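Data first, discussion second: the structure below is written as structure tokens.
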Number of protein chains: 2
Amino acid sequence: MAEIAERPVPAGDRVPVEGPVVSERPMRSDARRNRELVLAAAEEVFSEIGVCAPIEEVGRRAGVGVGTVCRHFPTKQLLVEAVLKAMFTALLDDARAALERSDPGPAFRDFYFTLSDFQARHRVLAEQMATAVDMQITAPELKAALHDAMSQLVERAQAAGEVRGDIGPADVAMLFSGLAHATAVAGDVQPALRRRCVAIMLDGLRPTEPSELPGRPLDFAQLDRLKKRAKR
Amino acid sequence: MAEIAERPVPAGDRVPVEGPVVSERPMRSDARRNRELVLAAAEEVFSEIGVCAPIEEVGRRAGVGVGTVCRHFPTKQLLVEAVLKAMFTALLDDARAALERSDPGPAFRDFYFTLSDFQARHRVLAEQMATAVDMQITAPELKAALHDAMSQLVERAQAAGEVRGDIGPADVAMLFSGLAHATAVAGDVQPALRRRCVAIMLDGLRPTEPSELPGRPLDFAQLDRLKKRAKR
DNA sequence: CAATATACGGAATACTCCTTCCGTTTGTCA
DNA sequence: TGACAAACGGAAGGAGTATTCCGTATATTG
């Protein structure tokens, strides 16, 4: 469970739907505009300060009152998820672009360098990616698509002999979510150092002289199943 | 800055010394006992729940009231630091034991497997290691000693040709603090997966076919300097 | 342009958690 | 064993912040 609601969660009776309920009638123009402003501000604020940034700050940055923020996103959780959704979408685009390339090895590696930079720029994503559990509620299909793309990226690189065969997508994900998290916490103190670490991890994934890895490779589905089991 | 004080920090006027002020007269027996109980409970609670676990829970687990917890450790920060200090000490012992060994490569690798397990068991340590800034106040010499031991561990492994020469201690530290953090957040869902990642990272550190790493190797002192500069 | 449903701002509310305070209990020492 | 300083427990105090509420302002529509 992500640590978003670090404060009370009175949980109103309001239906916790993301935007306007269904689409009874189009939102008023100012409402539509404000919604976008808030979303943009939230992305900015969360990326700078972290998820625990006060909602008021988001409102200030967007030039609206807290009330407005909370009307559009009845819960902080929902606001975070909306931001996450936008970012995951961007990420998915990146991954798909990497899949278009004809050089699977470099494409794979470039993707992870880019991912790391991206995460360094966006604390929210980095903070949440390590656990990335919330999306399951809001946008499972997005998460699934991303997992799918990332898995393919690994598999192609493996098929091309550019990544050792005894690893699974889950290994890669864990490796990078760790780095992302460290980055988020430490505030990307030294981008150069971070990139070195990416390079080192990628080297660890190369096929030459692999050590005998403990355990067996996992894909995302297996990982999810294990996570769920662990929760009980 | 570690995220310990996620709540108000009224900061009493009380002198923020760790235990009893100096040693005017020996603590009463019950006080001494309770202090130990609290420390043990804190280690347990923080490791299970994380640093943001309420102080009251620590008290409950120790079988004492909040008042008692706060008398012994006037500030939550101080309590966390006391726990950290104990754990860093244990870690230092491990590192020194590793330095005794005559097989620098395996000693280096074993140490990091052990470290990872240790961090997985103790969220506090994992959470703090990524930033590891607080010790600077309480026990700078401990931190320095640990850094020293870890640096030596790397250097010996390098001298023995078991670790590539183009990395620095800071690389290793960042690599592992990331994994630790991910582990802490996800609650060590899959220990096997974590160990695989340790193995992969260690492979990345092996000397065979190193890719050209970006940037230059850093040691802890340089890293510290950079962190400080970043803070301004 | 008037009428009205929507949306707005921000004060009030609610809740958690750290810290302090104080009346009560307990170890210590003669 | 009695006196008293030290320590205890837990209630009160204080702070920060998510969420709700409501009087006011503003798009929209005819």
Side-chain angles (χ1 to χ4, degrees), chain A residues 2-16 19-21 23-38 41-42 45-46 49-81, chain B residues 3-16 19-21 23-38 41-42 45-46 49-80:
Chain A
E3 319 288 39
I4 292 152
E6 274 158 326
R7 285 299 95 225
V9 186
D13 326 358
R14 196 168 297 224
V15 202
V21 187
S23 68
E24 317 201 344
R25 71 191 58 202
M27 271 197 281
R28 235 168 66 174
S29 64
D30 55 345
R32 211 163 32 240
R33 180 169 36 80
N34 279 337
R35 190 172 198 285
E36 290 314 306
L37 285 174
V38 167
V45 170
F46 290 159
I49 302 178
V51 204
C52 37
I55 282 216
E56 203 180 333
E57 175 63 28
V58 174
R60 189 176 9 261
R61 195 84 63 112
V64 305
V66 255
T68 299
V69 176
C70 289
R71 197 163 339 93
H72 285 291
F73 305 92
T75 274
K76 191 175 189 183
Q77 171 86 290
L78 287 172
L79 177 55
V80 173
E81 285 184 17
Chain B
E3 317 290 40
I4 291 154
E6 277 159 324
R7 286 299 96 225
V9 186
D13 328 358
R14 195 170 297 224
V15 203
V21 185
S23 68
E24 316 200 343
R25 69 192 57 201
M27 271 197 280
R28 236 169 65 174
S29 63
D30 54 345
R32 210 161 34 240
R33 181 170 34 80
N34 279 337
R35 191 172 197 285
E36 291 314 306
L37 285 174
V38 167
V45 169
F46 289 159
I49 302 179
V51 203
C52 36
I55 283 215
E56 202 181 333
E57 176 63 29
V58 174
R60 190 176 8 259
R61 195 84 63 113
V64 306
V66 254
T68 299
V69 177
C70 291
R71 196 160 341 91
H72 285 290
F73 305 91
T75 272
K76 191 178 188 181
Q77 172 87 295
L78 287 172
L79 177 55
V80 172

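Keep in mind that what you see is a predicted model, and the values were worked out from it rather than measured.
Of the candidates dA18(D), dC18(C), dA7(C), the closest approach to any side-chain atom of A31(A) belongs to dA7(C). Listed nucleotides dG27(C), dA18(D), dA7(C) differ in distance to R28(A); the shortest reach to its side chain belongs to dA7(C). Listed candidates were dT20(C), dA18(D), dC8(D). Nearest to the side chain of P54(A) is dA18(D).
When the P atom of dG10(D) is taken as reference, atom CD of E56(B) falls 10 Å away, rounded to whole Å. Distance Q77(B) CD to dC18(C) P: 13 Å, rounded to the nearest Å. Per the geometry, NE2 belonging to H72(A) stands 10 Å off C1' belonging to dT6(C), to the nearest Å. Note: CG (N34(B)) to P (dG10(D)) measures 13 Å, nearest angstrom. In this structure, L78(B) atom CG and dC18(C) atom C1' are separated by 13 Å, rounded to whole Å. The distance from atom CE of M27(B) to atom C1' of dC8(D) is 14 Å, rounded to the nearest whole Å. Between the P atom of dA12(C) and the CD1 atom of I55(A) lies a distance of 20 Å, rounded to the nearest Å. Rounded to an integer number of Å, the gap from K76(B) NZ to dC17(C) C1' is 8 Å.
Remark: R60(B) engages E57(B) in a salt bridge, criterion side-chain N to carboxylate O under 4.0 Å.
Side-chain contact between V38(B) and R35(B): absent, with no pair of heavy atoms (C-beta onward) separated by less than 4.5 Å. When side chains are defined from C-beta on, L79(B) counts as touching F46(B), because their heavy atoms get closer than 4.5 Å.
Remark: the backbone N or O of A41(B) is not paired with any side-chain donor or acceptor of R61(B) at under 3.5 angstrom.
Map V66(B) and S29(B) each onto its nearest nucleotide of DNA chain C; the residue landing nearer the 5' end is V66(B).
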